[in-house]
Amino acid sequence: MSYVIPAPKQAVIDVVGTDAKFPVRRIWCVGRNYADHAREMGHDPSREPPFFFQKPTDSIVPSGSTIDYPPKTKDLHHEIELVICIGKGGSNIPIEKALDHVYGYALGLDMTRRDLQGEAKKLQRPWEMGKAFDQSTPVTAVQPAAKIGHPKAGAISVKVNGEFRQQGNLDQQIWQIDETISYLSEFVTLEPGDIIMTGTPAGVGPCVAGDKLEGHLEGVGDLTVTYRAA
Ligand code: MN
């Protein structure tokens with residue numbers, strides 16, 4: 001095939017234990033999936049159905065990267081999240097079959113220009129400029145489920161410059177991995193390469209140019225990203 005302009009690069013994530021890559025098709029994100037975080041954002045954490053938004057696949061940056069502080073914000077927030085990596089597609093996937101569709105898991109940051117997101121919410125506009133900006137999705141290598149299984153619990157945290165900011169546990173998720181996959185697949189057909197960022201625990205907060213972020217998820221991995229000094 002030839003193209004009339006340079007073709008976009010396929011977004012990929014490294015995979016632990018192999019040189020082969022995980023190709024990314026879509027990035028889905030769950031809003032408010034930990035009760036404490038829902039409360040800190042001013043919402044009732046009752047078990048209402050999850051809602052979803054997307055980020056662009058070219059926003060992915062590998063762990064260990066040094067990146068620029070994004071433009072047009074004075075309030076860049078970290079959201080540390082378990083990432084589900086889909087290996088087998090489907091629609092209307094039953095909960096009891098959902099884990100069969102998972103290739104593996106990673107740890108990601110859903111970086112958020114909170115000021116732009118807040119403005120969008122207030123004006124009832126879409127969230128993209130708060131969520132879907134360049135380099136807004138640092139991600140670790142994928143751990144195959146064949147190797148680590150399907151995490152049900154595990155400490156999840158992020159430190160900024162060595163100080164804990166977010167600390168939670170996967171067992172605090174309102175919607176479990178299988179329920180999230182099943183529910184999302186009722187709305188859209190999932191395909192291999194789709195990834196789902198499953199929401200963030202309490203403690204979201206700002207970071208500034210020069211900050212070093214260190215994420216940890218027990219049994220899945222460690223994520224580091226540094227913002228270039230101004
Ligand atoms: Mn998030």
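Atoms within a ligand are numbered from 1 in the order they appear, just like the ligands themselves.
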Excluding sequence neighbours, so at least two apart, what forms salt bridge (Lys or Arg N to Asp or Glu O under 4.0 Å) with Lys131?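 Counting only residues at least two positions away or on another chain, Lys131 forms a salt bridge (Lys or Arg N to Asp or Glu O under 4.0 Å) with Glu79, Asp110.
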
Parallel, tilted or perpendicular: ring planes of Trp175 versus Tyr183, cut at 30 and 60 degrees: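 Geometry flag for Tyr183 against Trp175: parallel rings.
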
Whether Asp14 and Lys21 form a salt bridge (side-chain N of Lys/Arg under 4.0 Å from carboxylate O of Asp/Glu) is what I want to check. yes

Supply the atom-to-atom distance His78 NE2 to Thr200 OG1, rounded to the nearest 0.5 angstrom.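 The NE2 atom of His78 sits 8.5 Å away from the OG1 atom of Thr200.
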
Sorted by chain and number, protein N/O/S atoms nearer to the Mn ion (ligand 1) than 2.8 Å are Glu79 OE1, Glu81 OE2, Asp110 OD2

Residues in ring-ring contact (aromatic ring centres under 6.0 Å, His included) with Phe133, at least two apart? none

Pairs involving residues 147-171, ordered by first then second residue, that meet ring-ring contact (aromatic ring centres under 6.0 Å, His included) (sequence neighbours left out):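 Checked against ring-ring contact (aromatic ring centres under 6.0 Å, His included) - neighbours excluded - the pairs reaching residues 147-171 are Tyr105-His150.
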
